[in-house]
Amino acid sequence: MKKRTRKSHSSGKPAKKPEHTMSSEQAAADITVPEVLPVLPARELVAFPSVMMSLYVGRPSSIKAVELAMNGDQLIFIAAQRDLEIEEPQGKDLFSMGVVAHIVRTLKLPDGRYKVLLQGIVRAEARKYRTAGSYLSVRIRAIPPQNVKLTTADELLINRIRANLQVLVQHEHLPEEMLLVTEELRDPGVLSDVILAHYKLDHFKSQEALEELDPRRRLKLTDSIISDDLNQFLISE
């Protein structure tokens, strides 16, 4: 079976795969999210909370947004583009659901671009995008993660997801890191976010998962994606 592919980057260059570092609850507890933030439009990347991402930023407007964030509270709003072909997206070209991220580190490259390491913090809804000079800003509503108490059904679903991931990794259909970054996760919402961020999903399928706020429904969506992938893989063998 041919693996799904997705380019991940705000300026069209390759990006490092996401890494899980801390839960969105842990990160959000330490950071106050303001109502207005600079915007980093993302081409073919859908950011998720609880996940660390490495991006190359090359658009002048995105560079300005990153520099403003770094000179302030190091927070930026990442929103995926609706149309991947648009070179200079405006607010109408971006999805309204995105992620507030903390800029952990930046490296300015000789060609003027930045390599940026970001930690996803929390989902947020764009209330109003506006052009602020040479960059985009947005007024947002942060959406705190929902805490759920695991039921027996949730536990069974999580165990099935882990078992299916194990099979796909053993057959080298998925990288081993998929198991490493998820082995300690028990929160169904965080587990889903981390798996889906690492998975080679279609751009719009990832956005659909980001917009699903209910942790249990997101877990079921994750199970459906992995089960479908496993079934197709076994059929192709």
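What you see is a predicted model, and the numbers here were worked out from it, not measured in a lab.
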Peer 1: Determine whether R162 and L165 make a side-chain contact, defined as any pair of heavy atoms from C-beta on separated by less than 4.5 Å.
Peer 2: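 When only atoms from C-beta onward are counted, L165 and R162 do not touch, as no gap falls below 4.5 Å.
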
Peer 1: Show your reasoning for whether side chain to side chain contact (heavy atoms under 4.5 Å, CB included) applies to L234 and H171.
Peer 2: CA-CA 10 Å; L234 294 176; H171 287 83; 5.5 Å; no

Peer 1: E155 vs N159, test: side-chain hydrogen bond (donor to acceptor under 3.5 Å, both in side chains). Steps then yes/no.
Peer 2: CA-CA 6 Å; E155 293 280 6; N159 290 339; 5.1 Å; no

Peer 1: Do you know which of E88, E87, E85 makes salt bridge (Lys or Arg N to Asp or Glu O under 4.0 Å) with R43?
Peer 2: E87

Peer 1: Please check if atom CZ in R82 has more than 12 non-hydrogen atoms from other residues, nucleotides or ligands closer than 6.0 Å.
Peer 2: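 Yes, because the 6.0 Å sphere around CZ of R82 holds more than 12 heavy atoms from other groups.
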
Peer 1: Quick one: are V138 and R127 in side-chain contact, heavy atoms under 4.5 Å?
Peer 2: no

Peer 1: Considering only heavy atoms from C-beta outward, does the side chain of I226 approach that of Y199 to under 4.5 Å?
Peer 2: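 Touching, per the 4.5 Å side-chain cut-off.
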
Peer 1: Can you see which heavy atom on V122 is nearest to which on P145, and at what distance?
Peer 2: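 Closest approach of V122 to P145: CG2-CD, 4.3 Å.
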
Peer 1: So, R218 and E211, do they make that salt bridge, N to O below 4.0 Å?
Peer 2: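 A salt bridge is absent here (no side-chain N lies under 4.0 Å from a carboxylate O).
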
Peer 1: Is any side-chain heavy atom of L191 less than 4.5 Å from a side-chain heavy atom of R186?
Peer 2: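 Not in contact.
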
Peer 1: First locate atom CE of M70, then atom CG of L75, and finally report the distance between them rounded to the nearest 0.5 Å.
Peer 2: 10.5 Å

Peer 1: Taking the side chain as everything from C-beta on, heavy atoms only, tell me whether E125 gets closer than 4.5 Å to L213.
Peer 2: no

Peer 1: Are L55 and L68 connected in the hydrophobic side-chain network, where two residues link if heavy atoms are under 4.5 Å apart?
Peer 2: no

Peer 1: Between M53 and A47, what is the shortest heavy-atom contact and its length?
Peer 2: SD-CB, 3.5 Å

Peer 1: Output the distance between atom CZ (R139) and atom OH (Y129), rounded to the nearest 0.5 Å.
Peer 2: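 These two atoms lie 14.0 Å from each other.
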
Peer 1: What closest approach, in Å, do P49 and I121 show between heavy atoms, and which atom pair accounts for it?
Peer 2: CB-O, 3.8 Å

Peer 1: Between V116, V100, I103, which is the residue that forms a side-chain contact (heavy atoms from CB on, under 4.5 Å) with I76?
Peer 2: I103

Peer 1: Any chance you could lay out the side chain to side chain contact (heavy atoms under 4.5 Å, CB included) test for N164 and D229, step after step, and finish with the verdict?
Peer 2: CA-CA 9 Å; N164 288 343; D229 202 13; over 6 Å; no

Peer 1: Any donor and acceptor pair, going by atom type alone, linking the side chain of Q207 with main-chain N or O of Q81 inside 3.5 Å?
Peer 2: no

Peer 1: Working to the nearest 0.5 angstrom, can you tell me the gap between E212 CD and R217 CZ?
Peer 2: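 The distance works out to 4.5 Å.
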
Peer 1: State plainly whether one hydrophobic cluster holds both L118 and Y135, where clusters connect Ile, Leu, Val, Met, Phe, Trp and Tyr through side-chain heavy atoms under 4.5 angstrom apart.
Peer 2: no

Peer 1: Would you say that P215 contacts V148 through its side chain, given a criterion of any heavy-atom pair below 4.5 Å between the two side chains?
Peer 2: yes

Peer 1: For atom CD of Q170, decide whether the heavy atoms of other residues, nucleotides or ligands shown that lie under 6.0 angstrom number more than 12.
Peer 2: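 Enclosed.
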
Peer 1: Anything under 30° is parallel, anything over 60° is perpendicular, the rest tilted; go ahead and classify F204 against F95.
Peer 2: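 The arrangement is perpendicular - the two ring planes meet at more than 60°.
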
Peer 1: Out of curiosity, I161 CD1 to T182 OG1, how far, rounded to the nearest 0.5 Å?
Peer 2: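 Rounded to the nearest 0.5 Å, the CD1-OG1 separation comes out at 9.5 Å.
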
Peer 1: Where do A42 and I78 come nearest, in terms of heavy atoms and distance?
Peer 2: CB-CG2, 4.0 Å

Peer 1: Is a side-chain donor-acceptor pair under 3.5 Å present for N71 with E67?
Peer 2: no

Peer 1: Does a sphere of radius 6.0 Å around CD in E183 hold more than 12 heavy atoms from other residues, nucleotides or ligands, not counting ones at 6.0 Å or beyond?
Peer 2: yes

Peer 1: Could you tell me whether R141 atom CZ has more than 12 heavy atoms of other residues or ligands within 6.0 Å of it?
Peer 2: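 Count over threshold, so yes.
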
Peer 1: Which heavy atom in P89 sits nearest to a heavy atom in P41, and how many Å separate them?
Peer 2: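 Shortest heavy-atom contact: CG-CB, 3.6 Å.
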
Peer 1: The test is side chain to side chain contact (heavy atoms under 4.5 Å, CB included); show your working for F48 and V194 and say whether it passes.
Peer 2: CA-CA 7 Å; F48 283 87; V194 173; over 6 Å; no

Peer 1: Tell me, do M178 and L168 make a side-chain contact under 4.5 Å, heavy atoms counted?
Peer 2: no

Peer 1: Find out if a path of hydrophobic residues (ILVMFWY) with successive side-chain heavy-atom gaps under 4.5 Å connects L174 to V167.
Peer 2: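 Linked, L174 and V167 end up in one cluster.
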
Peer 1: Can you tell me how far CD of E208 sits from CD1 of I225, rounded to the nearest 0.5 angstrom?
Peer 2: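 Output value for this atom pair is 7.5 Å.
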
Peer 1: Output the distance between atom CG (L156) and atom CG (D223), rounded to the nearest 0.5 Å.
Peer 2: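 Going from CG on L156 over to CG on D223, the span is 11.0 Å.
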
Peer 1: Please determine whether side chain to side chain contact (heavy atoms under 4.5 Å, CB included) holds for the pair V51 and V99, giving the CA-CA distance in whole Å, both sets of side-chain angles, and the decisive distance to 0.1 Å.
Peer 2: CA-CA 10 Å; V51 175; V99 166; over 6 Å; no

Peer 1: Specify the closest pair of heavy atoms between L210 and R123, including all atoms of both residues, with the distance to one decimal.
Peer 2: O-NE, 2.7 Å

Peer 1: Check whether any side-chain heavy atom of I158 lies under 4.5 Å from a side-chain heavy atom of L150, and answer yes or no.
Peer 2: yes

